[in-house]
Amino acid sequence: MNIGDRVRVKESVIVYHHPEHRGQGFDIKGSEGEIFAVVTQWQGRPVSANLPILVQFSKKFKAHLRENELEVIN
């Protein structure tokens, strides 16, 4: 998976920071977005992030996910 790839959430993932459902659990399964970043460094030092893939779903909504929760779409 690379920056700019279109992806779809293939597993049930509950988020609480969705702009239209703030403070409530919201399942993003089936949502499509674009890989915005892959977190491998922080302030120039390597890190092993638990949720390394940052996906932008809309202008106001991004989420960090694991690679096994996503599938690349064409």
Side-chain angles (χ1 to χ4, degrees):
M1 293 189 183
N2 299 311
I3 295 172
D5 287 352
R6 295 281 303 162
V7 293
R8 179 183 303 121
V9 180
K10 67 179 183 178
E11 295 185 12
S12 180
V13 178
I14 306 296
V15 296
Y16 291 87
H17 65 284
H18 192 280
E20 296 172 11
H21 305 277
R22 192 157 312 275
Q24 304 170 19
F26 181 71
D27 191 357
I28 60 172
K29 181 177 182 177
S31 298
E32 295 181 6
E34 184 175 310
I35 295 179
F36 187 75
V38 179
V39 180
T40 57
Q41 291 189 359
W42 184 72
Q43 295 183 347
R45 294 180 286 176
V47 296
S48 58
N50 294 335
L51 306 170
I53 301 174
L54 180 60
V55 179
Q56 182 164 6
F57 293 100
S58 68
K59 186 176 181 181
K60 294 183 178 184
F61 179 55
K62 296 179 190 173
H64 287 269
L65 300 165
R66 293 180 182 96
E67 189 171 342
N68 66 333
E69 296 170 332
L70 300 169
E71 62 184 353
V72 176
I73 57 176
N74 296 328

*Of the non-hydrogen atoms in L65 and V55, which two are nearest, and what is the gap between them?*
CD1-CG2, 4.1 Å

*What distance do Q56 atom CD and I3 atom CD1 have between them, rounded to the nearest 0.5 Å?*
12.0 Å

*Considering non-hydrogen atoms only, spot the tightest contact between R6 and E34 and give its length.*
NH1-N, 4.1 Å

*Minimum heavy-atom distance between K10 and N68, given as atom pair plus value*: CE-O, 2.9 Å

_Quick one: does any side-chain atom of Q24 pair with a main-chain N or O of H21 as donor and acceptor, under 3.5 Å?_
no

_Rounded distance [0.5 Å steps], NZ in K29 versus CD1 in I14_ = 10.5 Å

*Taking the side chain as every heavy atom from C-beta outward, state whether H17 and F61 have any atom pair closer than 4.5 Å.*
yes

*asked:* Under 4.5 Å between side-chain heavy atoms, counting indirect links through other Ile/Leu/Val/Met/Phe/Trp/Tyr residues: same cluster for V72 and I53 or not?
replied: yes

*asked:* Hydrophobic cluster membership, with links at side-chain heavy-atom distances under 4.5 Å among I/L/V/M/F/W/Y: are F57 and V39 in one?
replied: no

_Distance-minimising heavy-atom pair for N50 and R66_ = O-CG, 3.6 Å

_Between CD on residue E69 and CD on residue E11, distance to nearest 0.5 Å_ = 6.0 Å

*State, to 0.1 Å, how close V47 and W42 come at their nearest heavy-atom pair, and which atoms those are.*
CG1-CB, 3.8 Å

*If two hydrophobic side chains count as joined below 4.5 Å and joins carry through other members, does V15 share a cluster with F36?*
no

*Relative to each other, are the rings of F26 and H18 parallel, tilted or perpendicular (30° and 60° limits)?*
tilted

*Between V9 and L70, is any pair of side-chain heavy atoms under 4.5 Å apart?*
yes

*Determine yes or no for a side-chain-to-main-chain donor-acceptor pair under 3.5 angstrom, with D27 supplying the side chain and V13 the backbone.*
yes

